[in-house]
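Throughout, protein chains are lettered first and strands after them, A, B, ... in sequence-line order, and every chain is numbered starting at 1. Given the structure is predicted, the values throughout are model-derived calculations rather than measurements.
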Protein chains: 2
Amino acid sequence: MDRRTSGPSSGAALLFLTDEQLRQGIEAMFFAYRGFTADPDRILADMAYGRAHHRAIHFIGRAPDTTVNNLLNILGVTKQSLNRVLRTLIADGLVESKVGRKDKRERHLTLTQAGRALEQTLSDAQRARMRTAFREAGPDAVAGFRTVLEAMMDTEMRASYSRLKDTTT
Amino acid sequence: MDRRTSGPSSGAALLFLTDEQLRQGIEAMFFAYRGFTADPDRILADMAYGRAHHRAIHFIGRAPDTTVNNLLNILGVTKQSLNRVLRTLIADGLVESKVGRKDKRERHLTLTQAGRALEQTLSDAQRARMRTAFREAGPDAVAGFRTVLEAMMDTEMRASYSRLKDTTT
DNA sequence: GATATTATGTCAGTGTTGTTGACACTCCAA
DNA sequence: TTGGAGTGTCAACAACACTGACATAATATC
């Protein structure tokens, strides 16, 4: 049963992948994601916030002055769900919402000083883990990691990801 | 400071990682995980089940005859939370719970035929995406992907992961 | 044999985060 | 000016996590 290499798919030799290999990939993803969120989760548990708040803070910090709709597309939740989170963040003075100058229907979101401070705390924790993992794995592994993750995204998510990647560089 | 000579984990030369690179890793992880769960989520949405059921089914299928406690450790949730899920799965005839022969306090969990069928459906969808991503990325990238994910896990999670990886060959 | 510990299950209550449905306001274009 | 698209809010509900308290049975320990 010599099937390690089959015909070419899009140039390179088609990988033969056993269900077992794929399964390990699935489980790796599951366990790693838990680690990935563990540190911020711990910090947020002490406050009245959760993972949804973290995500909102992250992407507002990443793209200041973003609109609610833009954030909605990135996060992939309903506007009602996001609104609950935004309401508390605004009420607590972490996020500022300004009515759009050009289009008054839009709300432009920005982190306040306090918001930036929390964002820093959260992403420091998350980056620390990411940095350790990247260093342990080495640069080639990191490149592969990113390549596979990008290939695993839905098309629209990949678009959001690339857009963010490019705007900040 | 010559640090080029060390073990594989303290590694080759210490990588210099900008916050921006780490942030991209974080966002890649976020978007990719969404894609990772999207297909099973869609299937489960039509039934009365959610992601929690999927996880339970996956790991029971992976390690048949596992105990509740073992499952608890793997999933990292409370017994109350797991119990709610298991109760419905058992009531619906997807999972069988047998009292332990040696230790009668234990319940050993196994998928029924119907359970295996659902497991197959769910993991077919998830594996299909994983396979496509792996093929697009190529074998080196896949190796790197796994290396980074393993490095990102918590220690106990890495232990669970390795145990599962080894038991199935 | 009495007592403690372990494994499991259950009830009740709570919080976060997702969902629909209904509705109001703003803008733009026909 | 009217209708539709875009945007945001309120209310109600479901899934799934949590804690705490308690029950039961089996096992381990003294």
Side-chain angles (χ1 to χ4, degrees), chain A residues 30 33-34 37-38 40-60 65-92 95-109 122, chain B residues 30 33-34 37-38 40-60 65-92 95-110:
Chain A
F30 171 71
Y33 196 76
R34 283 255 298 281
T37 56
D41 280 357
R42 252 189 298 276
I43 295 170
L44 290 160
D46 296 335
M47 322 169 138
Y49 296 145
R51 216 175 275 181
H53 298 85
H54 180 196
R55 290 197 282 259
I57 288 174
H58 174 98
F59 287 108
I60 295 172
D65 239 49
T66 187
T67 63
V68 172
N69 221 337
N70 182 34
L71 204 50
L72 236 34
N73 289 327
I74 289 174
L75 295 175
V77 296
T78 58
K79 59 181 179 174
Q80 295 88 333
S81 197
L82 175 58
N83 188 255
R84 194 189 319 105
V85 169
L86 283 181
R87 219 184 314 165
T88 68
L89 291 176
I90 291 168
D92 295 351
V95 169
E96 195 186 4
S97 167
K98 284 174 296 186
V99 173
R101 278 189 307 109
K102 223 186 59 184
D103 186 335
K104 288 177 198 155
R105 291 173 301 181
E106 295 179 340
R107 304 297 141 90
H108 295 265
L109 305 167
L122 292 171
Chain B
F30 170 72
Y33 195 77
R34 285 258 297 283
T37 55
D41 280 358
R42 252 189 298 276
I43 295 171
L44 289 161
D46 296 335
M47 322 169 137
Y49 297 142
R51 216 175 273 181
H53 299 84
H54 181 196
R55 289 197 284 258
I57 287 174
H58 174 98
F59 286 109
I60 294 172
D65 240 49
T66 188
T67 63
V68 172
N69 225 337
N70 182 35
L71 204 51
L72 237 34
N73 289 328
I74 289 175
L75 295 175
V77 295
T78 59
K79 60 176 180 175
Q80 294 90 331
S81 201
L82 176 58
N83 190 256
R84 193 192 321 108
V85 168
L86 282 181
R87 221 184 311 168
T88 68
L89 290 177
I90 291 168
D92 295 352
V95 169
E96 196 186 2
S97 168
K98 283 173 298 185
V99 173
R101 277 189 308 110
K102 221 187 63 185
D103 186 335
K104 289 176 197 155
R105 291 172 302 181
E106 295 180 339
R107 302 297 143 88
H108 295 266
L109 305 168
T110 319

Item to check | First of A:A48 and B:S97 reached from the 5' end of DNA chain C, by closest nucleotide | outcome: B:S97
Checklist entry - How would you label the contact of A:T67 with the nucleic acid (heavy atoms, under 4.0 Å): base, sugar-phosphate, or nothing? => result nothing
Checklist entry - Between D:dT19, D:dG8, C:dG9, which nucleotide gets closest to the side-chain atoms of B:T78? => result D:dT19
Checklist entry - What's the closest nucleotide to the B:R84 side chain, out of D:dC16, C:dT8, C:dT19? => result D:dC16
Next on the checklist: Rounded at 0.5 Å granularity, tell me how far NE2 in A:H53 sits from CG in A:L122.
Outcome noted: 11.5 Å
Checklist entry - Within less than 4.0 Å of OP1 or OP2 of C:dG18, is there a side-chain N or O belonging to B:R51? => result no
Item to check | D:dC16 OP1/OP2 closer than 4.0 Å to side-chain N/O of B:H53 | outcome: yes
Checklist entry - Just one of A:L71, A:L89, A:N70, A:D65 clears the side chain to side chain contact (heavy atoms under 4.5 Å, CB included) bar with A:L109, so which one? => result A:L71
Do any N or O atoms of the protein come closer than 3.5 Å to N or O atoms of nucleotides 28-30 of chain C, and which pairs are they?
none

Next on the checklist: Of the options D:dC16, C:dG9, C:dT10, whose atoms approach the side-chain atoms of B:K79 most closely?
Outcome noted: C:dG9
Checklist entry - If you measure from CD1 on A:I57 to OH on A:Y49, what distance do you get to the nearest 0.5 Å? => result 6.5 Å
Checklist entry - Given that B:V77 and A:H108 both sit by DNA chain D, which one's nearest nucleotide is further toward the 5' end? => result A:H108
Item to check | Least distance between heavy atoms, A:G100 atom then A:H108 atom | outcome: CA-CD2, 3.4 Å
With a cut-off of 3.5 Å and sequence neighbours excluded, list every side-chain donor-acceptor pair involving residues 80-87 of chain B.
unit_1	atom_1	unit_2	atom_2	d
B:N83	OD1	B:R87	NE	3.4
B:N83	OD1	B:R87	NH2	3.4

Next on the checklist: Does C:dT17 have its OP1 or OP2 closer than 4.0 Å to a side-chain nitrogen or oxygen of A:S81?
Outcome noted: no
Item to check | Contacts of B:Y33 that satisfy ring pair (Phe, Tyr, Trp, His ring centres under 6.0 Å) - sequence neighbours left out | outcome: A:Y33, B:F36
Item to check | Donor-acceptor pair, side chain of B:R51 and main chain of B:L44, under 3.5 angstrom | outcome: no
Item to check | N/O (side chain, A:R55) to phosphate O (OP1/OP2, C:dG18) under 4.0 Å | outcome: yes
Item to check | Check: A:Q80 side chain, C:dG21 base, donor-acceptor under 3.5 Å | outcome: yes
Next on the checklist: Any N or O donor-acceptor pair under 3.5 Å from the base of C:dT26 to the side chain of A:K104?
Outcome noted: no
Checklist entry - Does B:N69 have a side-chain nitrogen or oxygen under 4.0 Å from the phosphate oxygens OP1 or OP2 of C:dT8? => result yes
